[in-house]
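A short write-up of the structure that comes next.
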Protein chains: 2
Amino acid sequence: MGSGSSFEKMRQSLQQFAALGESDWLLIKQQLEPRSFKKGDLFVKEGQLCTSIGFLNSGIARVYYLADGKEITSYFNAGNRNMFVCSFSSFLSRKPSFENVHFLEDSELLLLSYNGLQELYEKSPAIQKLGRLMAEYNYVLSMERIYSLQHLPAIERYHAMLKTYPGLMNQVPHHYIASYLGITPESLSRIRKEAARKEK
Amino acid sequence: MGSGSSFEKMRQSLQQFAALGESDWLLIKQQLEPRSFKKGDLFVKEGQLCTSIGFLNSGIARVYYLADGKEITSYFNAGNRNMFVCSFSSFLSRKPSFENVHFLEDSELLLLSYNGLQELYEKSPAIQKLGRLMAEYNYVLSMERIYSLQHLPAIERYHAMLKTYPGLMNQVPHHYIASYLGITPESLSRIRKEAARKEK
DNA sequence: ATAATTTCTTATCATACATCAATGCAGGGC
DNA sequence: GCCCTGCATTGATGTATGATAAGAAATTAT
């Protein structure tokens, strides 16, 4: 489980968006800084600028913010999904984050700084293209999320969540998931009860 | 009101995202095809591939789809907002559109084909960068929309809509707006009544 | 192991919004 | 002009979910 394999994992993940030549990959790799976090650690804190993006190799991250004194979960990121984690709105717009990012399990990341990423974009059109494709992909995903929030009842959002994050119900406190679904923990409990009843 | 000014309008709009040199702009301009639509015309039809993106110079466009036999409005686009219109998910993912795009008023567009756009991306890193920045911007916007759908009551979403689309209430049928807000026309009517009461 | 804390469930009540149904209103075609 | 048709409003009623509170279960600390 050396860091070699963790880099490779990230490379695979990027390749899903666009072919990435050896030289481009080396450029990226040079900018990566491996870092470990303990369960409960904060990666991004509300009010601070999010200056780097992290590829989540293992562990579970949760992005949330406070509204009316309540924690609202924006999204989760589990290592098996092999994606990036940060406060995207802060990172992309260069404004202080309104979100917190913390880890629900010990996690390993490959960090890429904002400045490092901009350098990569300037140096390599292929990486710039990769960035565009990933942004477009996330945009399409978020449109799907808008659809589901607007027109699917909570129970269907629950089932969609089970597909998106398999196993998550057993890994993290349920009230985090409830706030991700846009419902109260009590409602989630009722929904689970109802779903379990239908199973039989 | 020649086509010259309409090109200029689009250029201004793009400049908000990134500086655009004369040569890059000429490349783009060569790919643009002005087209007029009549009120009621369809730009993208459900089931078909959305093969071009259109800069909306004047008029009003509406993007909607059918769910459970009901029309759901994804978003509007009015000429004064100077942005692009199409089924982004179809255009970006190259899959048949589940959305329809039609015009609520006579409208003028500058069309840019998918292939034309890819050519531009390959030819010019600056344009590729512009594409990335626009995708990122739209991603951040859609995250804000997710927040508002998840945590603002209908009346606040109504007020947010009034800010986002000033004048729209007087320009388009209300039930289109209701479905955009994720509520029924009846609820919108009651919200308006309540809002008018508070005005006094 | 025991206590302390957090998390999960259950119950009751309140509320926002949906649904169903009826009426009023305006624009387009005859 | 008049009728049609689609749209907006209003009222009555239903339902899903939120708010609050309290107890059970699980996790963490001592």
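Just so we're on the same page: letters track the sequence lines, and every chain starts at 1.
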Spacing between [X] atom [atom1] and [N] atom [atom2], to the nearest angstrom:
X: A/Leu152; N: D/dA16; atom1: CG; atom2: P; answer: 16 Å
X: B/Glu71; N: D/dG6; atom1: CD; atom2: C1'; answer: 13 Å
X: A/His174; N: D/dA25; atom1: NE2; atom2: C1'; answer: 12 Å
X: A/Arg192; N: D/dT17; atom1: CZ; atom2: C1'; answer: 18 Å
X: A/Ile155; N: D/dA16; atom1: CD1; atom2: P; answer: 10 Å
X: A/Ile191; N: D/dG18; atom1: CD1; atom2: P; answer: 8 Å
X: A/Glu194; N: D/dT15; atom1: CD; atom2: C1'; answer: 14 Å
X: A/Ile72; N: D/dG18; atom1: CD1; atom2: C1'; answer: 13 Å

(request) Could you please name the option among D/dG11, D/dT17, D/dA19 that lies closest to any side-chain atom of A/Ile183? (result) D/dT17

(message) What's the separation between atom CG in B/Leu112 and atom CD1 in B/Ile28, rounded to the nearest 0.5 Å?
(response) 8.0 Å

(message) Nearest 0.5 Å, please: how far is CH2 in A/Trp25 from CD in A/Glu8?
(response) 7.0 Å

(message) Taking 4.0 Å as the cut-off, does a side-chain nitrogen or oxygen of A/Ser187 come that near to OP1 or OP2 on D/dT17?
(response) no

(message) Would you say A/Lys70 places a side-chain N or O within less than 4.0 Å of OP1 or OP2 belonging to D/dA19?
(response) yes

(message) Taking any atom closer than 4.0 angstrom to a non-hydrogen atom of chain A, what span of DNA chain C does the protein reach, first nucleotide to last?
(response) C/dT7 to C/dT12

(message) Angle between the two end axes of the helix from C/dA1-D/dT30 to C/dC30-D/dG1, five base pairs per end, rounded to 10 degrees?
(response) 40°

(message) On DNA chain D, compare the nucleotides closest to A/Lys39 and A/Thr184; which residue's is nearer the 5' end?
(response) A/Thr184

(message) Both A/Gly182 and B/Lys193 contact DNA chain D. Which one's nearest nucleotide lies toward the 5' end?
(response) B/Lys193

(message) Does A/Lys38 qualify as a cation-pi partner of A/Phe103, given the criterion of NZ or CZ under 6.0 Å from the six-membered ring centre and within 45 degrees of its axis?
(response) no

(request) With sequence neighbours left out, write down each residue that passes ring-ring contact (aromatic ring centres under 6.0 Å, His included) with A/Tyr165, or none if nothing qualifies. (result) A/Phe76, A/Tyr180

(request) Kindly state whether the ring of A/Tyr65 and the ring of B/Tyr147 have centres lying under 6.0 angstrom apart. (result) yes

(message) Taking the six-membered ring for Trp, are B/Tyr137 and B/Phe17 closer than 6.0 Å centroid to centroid?
(response) yes

(request) Taking A/Ser90 for its side chain and A/Cys50 for its backbone only, find out whether a donor-acceptor pair lies under 3.5 Å. (result) yes

(message) Does B/Arg190 reach a base, just sugar-phosphate, or nothing at all? Heavy atoms under 4.0 Å.
(response) base

(message) Please verify the inter-ring angle class for B/Phe43 with B/Phe37; under 30° counts as parallel, over 60° as perpendicular, anything in between as tilted.
(response) perpendicular

(message) What I'd like to find out is whether the side chain of B/Lys123 reaches to under 4.5 Å of the side chain of B/Glu119, using heavy atoms alone.
(response) yes

